[in-house]
Peer 1: 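For reference, the structure I am asking about is given below.
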There are 2 protein chains.
Amino acid sequence: MVTIKDVAQVCGVSPSTVSRVIADNPRISNATKKKVRKVMKELGYHPNISARNLVAKSTNALGVIMPSSTSKALQNPFFPEVLRGIGSAIHHMKYSMSLSTGDTEDEIFEEVKRMVYGSYVDGVILLYSRANDPVTTFLRERDFPFVIIGKPYEYENEITYVDNDNIRAGKEITEHLIHNGHERIAFIGGSTDLFVTVDREKGYSLALKEAGITSNEQYKVHTEFVRSGGEEAVASLFSLNNPPTGIVVSDDLISLGVTNMLRQSSYEVPKDISLVSFNNVYLAELTQPPLTTVDIQIYELGIQSARALIEKTMNKNEPTKRIIIPHKIVYRESVGKIK
Amino acid sequence: MVTIKDVAQVCGVSPSTVSRVIADNPRISNATKKKVRKVMKELGYHPNISARNLVAKSTNALGVIMPSSTSKALQNPFFPEVLRGIGSAIHHMKYSMSLSTGDTEDEIFEEVKRMVYGSYVDGVILLYSRANDPVTTFLRERDFPFVIIGKPYEYENEITYVDNDNIRAGKEITEHLIHNGHERIAFIGGSTDLFVTVDREKGYSLALKEAGITSNEQYKVHTEFVRSGGEEAVASLFSLNNPPTGIVVSDDLISLGVTNMLRQSSYEVPKDISLVSFNNVYLAELTQPPLTTVDIQIYELGIQSARALIEKTMNKNEPTKRIIIPHKIVYRESVGKIK
DNA sequence: TTGAAAGCGCTAACAG
DNA sequence: CTGTTAGCGCTTTCAA
């Protein structure tokens, strides 16, 4: 391995001079800079990160924590897409990303501790937001820089987070159904442990209320991402006296499941029933019919969270921020007009 | 930050003793070990990784390289699933994972160079295999430890890789169609730049040949993951004089698209046409009907690649290996009997 | 504009 | 069984 000393020796300068050239220190003459750079290239010199990190007491790396993967939820295309966003921001800032996937809550917590205690990373991005999350508490108590993608359960004002305005998005997409003449509108969501679900449902309720439609508890269904149980829940929706004519589904992946249950019961979208959902992952245009869905700009969520976190690591008392990424509705063919 | 010296001082021993306790060196008395450990806990001591890496000249970290994300292919649930596998292996070995997503080939190459030159990682896992890949060449020429998930394009005997027996899998799944009476069987695959596609198609051809079915070039279609163009390709399949009664599709995600094109043309699966594919991602059971597909054990691909790579980094002249992960066919409802 | 020297936190001979 | 010492590769005062 070629070190700073080797370069220095060949150049006939001191190691510190070489170091300064690397940092592009303005107090080094252009002549020496040029010479040193030439030699660095010739010898194939590359700075050793560990050595640099040791003295700098910082790693220029961010930790990214995936949610517990006990459920199949991780197969949601949401994740590769945020990772891409984070990756892009990180690349441009010359940072690196340390990824942690953990099967259980404990495993995740362990990994975070390793990252933080071992000074593996300068900050952490949480790809989930859960109630009573030991990780969040840990990070908060240590005052270790972190951001959440999604809305924090507690201490909302003390935690920097990047999210969509899910209430508004939920409202708007429901209104789209209303504008198309729908009045009997159901909501199918994932676990209520997740804030996204809750917020999107809030928006749904709000839209109904504003439109003067009385909401119907029987129209609200919560199901896991996985098949099991989901079918019955949806089936029950259609055994009602007044089955819905439109459904707001909280996630494209769930929509896929719903579409198919519908088809099994010989309901046709959008003729018999209209469907709208959220995320606009690649799948949404692959289904038949393609889904009208809220594009939440997943990639951008990734970029912004990484940027916000990097700012925080560079300046410990950067103020807490709440960054809301705009959404937009993508109109496709899953919605029909009533009457 | 509490260092080894602090612990040493409080314990009244030398730093090296503390270091040895950390390494659980057998030549330290149990008494001191106990005392030192107690103090470490009390002071909240955690070893500094950068310092350790500097002297150890190794980082206990693996780099993971995603394919270029210009195409939407990255949204394939395949990726979160391999990452989980890798993450699991890595966690148990107390390694960490540095993830690189790059938009362009150049960006990817840059990141790999950073990882390798900067000694960020001890080895690299490539989540793709492409012809004329500068990254592969770079790694090979430097003799830097790496493994490929998939089959290398060149130097197959010199590169450790983890893959399925895609030819056999392709053969078996095609035979399943044949056993159900199908003779006019088509193949729809992704880009032929990918070895997976090629191998699975080989298996398909082989099965036909063994069954004495003459293969038909018109039955072979290649389409990108993305919608565009895919529809026409499939449509052309059904404008033939003798349209197929069964289709082997090289990826569950493509299957999803195909199913929907089929439905658009009022073909019903499995009544009018049978469909089989590969990967068994979560989606495969969410479609209507659920897909008969080859489970390639993505998670296991991840685990094994990480393990193989770690072995390699620990022992530079660990022999080159080819690790084949067994597949199994998951029978669901997308296949019908002919006659 | 450059060099000398100290030190980041840890490990590993070597010595005892 | 434990301490002393040197050094990993880099940055950064301080001095010139």
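Protein chains get the first letters and strands the later ones, always in sequence-line order, with residue 1 at the start of each.
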Peer 1: In terms of side-chain geometry, is the basic nitrogen of B:K151 or B:E156 positioned less than 4.0 Å from the acidic oxygen of its partner?
Peer 2: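 Looking at B:E156 together with B:K151, the answer is no, because their closest N to O distance does not fall below 4.0 Å.
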Peer 1: B:I22 CD1 to C:dT11 C1': how many Å, rounded?
Peer 2: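 Nearest whole value for this atom pair: 10 Å.
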Peer 1: If the plane angle is over 60° it's perpendicular, under 30° parallel, otherwise tilted; pick one for A:Y117 and A:F138.
Peer 2: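 Judged by the thresholds at 30° and 60°, the geometry between A:Y117 and A:F138 is perpendicular.
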Peer 1: Nearest whole angstrom, please: distance from the C1' of D:dC8 to the CD1 of B:I4.
Peer 2: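 Rounding to the nearest Å, CD1 of B:I4 and C1' of D:dC8 are 15 Å apart.
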Peer 1: Report which part of the nucleic acid A:G12 touches: base, sugar-phosphate, or nothing (heavy-atom distance under 4.0 Å, all strands).
Peer 2: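 It contacts sugar-phosphate atoms only.
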Peer 1: Can you tell me if the side-chain N/O atoms of A:K33 get under 4.0 Å from OP1 or OP2 in C:dT1?
Peer 2: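 Checking A:K33 against C:dT1: no side-chain N or O falls below 4.0 Å of OP1 or OP2.
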Peer 1: B:V13 has a side chain; which of C:dG7, C:dG9, D:dG3 sits nearest to it?
Peer 2: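 Closest nucleotide among those given: D:dG3.
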Peer 1: Taking B:R130 first and then B:E105, would you say they form a salt bridge - that is, a charged N and a carboxylate O separated by under 4.0 Å?
Peer 2: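 A salt bridge is present here (some side-chain N lies under 4.0 Å from a carboxylate O).
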Peer 1: Rounded to the Å, how far apart are A:N48 CG and C:dC8 C1'?
Peer 2: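 Checked: the CG to C1' distance equals 13 Å.
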Peer 1: Just how far, in rounded Å, is P of D:dT12 from CG of A:N53?
Peer 2: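 Answer to the nearest Å: 13 Å.
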Peer 1: Respond yes when some side-chain nitrogen or oxygen of A:K57 is under 4.0 Å from OP1 or OP2 of C:dG9, and no when none is.
Peer 2: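 For A:K57, the contact criterion (side-chain N or O under 4.0 Å from OP1 or OP2 of C:dG9) is met.
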Peer 1: Of the nucleotides D:dG3, C:dG3, C:dG9, which one has an atom closest to the side chain of B:L54?
Peer 2: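 From the listed options, C:dG9 comes nearest.
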Peer 1: Among D:dT2, D:dG9, C:dT11, which nucleotide sits nearest the side chain of B:R27?
Peer 2: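 Given the options D:dT2, D:dG9, C:dT11, the side chain of B:R27 is closest to D:dT2.
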Peer 1: Give B:T32 one of three labels, base, sugar-phosphate or nothing, depending on what nucleic acid heavy atoms sit under 4.0 Å from its own.
Peer 2: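 Contact class for B:T32: sugar-phosphate only.
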Peer 1: Please determine, for the side chain of B:M1, which listed nucleotide (C:dG3, C:dG9, D:dC8) has the closest atom?
Peer 2: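 Output: C:dG9.
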Peer 1: Answer yes or no: does a side-chain N or O of B:S19 lie under 4.0 Å from OP1 or OP2 of C:dT11?
Peer 2: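 Looking at the OP1 and OP2 atoms of C:dT11, one of them is under 4.0 Å from a side-chain N or O of B:S19.
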Peer 1: Under 4.0 Å between a side-chain N or O of B:T17 and OP1 or OP2 of D:dG3?
Peer 2: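 Indeed, a polar side-chain atom of B:T17 lies that close.
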Peer 1: Which whole-number value in Å describes the distance from B:D24 CG to D:dT2 P?
Peer 2: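 Interatomic distance, CG of B:D24 to P of D:dT2: 13 Å.
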Peer 1: Could you tell me whether B:R114 and B:E110 have a side-chain N and a carboxylate O separated by less than 4.0 Å?
Peer 2: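 Here B:R114 does not pair with B:E110 in a salt bridge, since their nearest N and O are not under 4.0 Å apart.
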Peer 1: Among D:dT11, D:dT12, D:dG3, find the nucleotide with the atom closest to the side chain of A:R20.
Peer 2: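 For A:R20, the side-chain atoms sit closest to D:dT12.
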Peer 1: Tell me the interatomic distance from B:N25, atom CG, to D:dG3, atom P, rounded to whole angstroms.
Peer 2: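 Checked: the CG to P distance equals 13 Å.
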Peer 1: Counting any heavy atom closer than 4.0 Å, what does B:S16 reach on the DNA or RNA strands: base, sugar-phosphate only, or nothing?
Peer 2: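 Base, at least one base atom sits under 4.0 Å.
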Peer 1: Would you mind checking if A:K38 and A:E42 are paired as a salt bridge, meaning a charged N to carboxylate O distance below 4.0 Å?
Peer 2: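 A salt bridge links A:E42 with A:K38.
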Peer 1: With a 6.0 Å cut-off (strictly less than), is the heavy-atom count around NZ of B:K316, excluding the residue itself, greater than 12?
Peer 2: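 Result for NZ/B:K316: enclosed.
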Peer 1: When we call it a touch if two heavy atoms are under 4.0 Å apart, what does B:S29 touch: a base, just sugar-phosphate, or nothing?
Peer 2: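 Sugar-phosphate only.
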Peer 1: Rounded to whole angstrom units, what separation is found between the NZ atom of A:K34 and the P atom of C:dT1?
Peer 2: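 Spelled out: NZ on A:K34 to P on C:dT1 is 16 Å.
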Peer 1: Quick one: B:Q9 CD to D:dT4 P, roughly how many Å, whole number?
Peer 2: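 So the two atoms are 12 Å apart, to the nearest Å.
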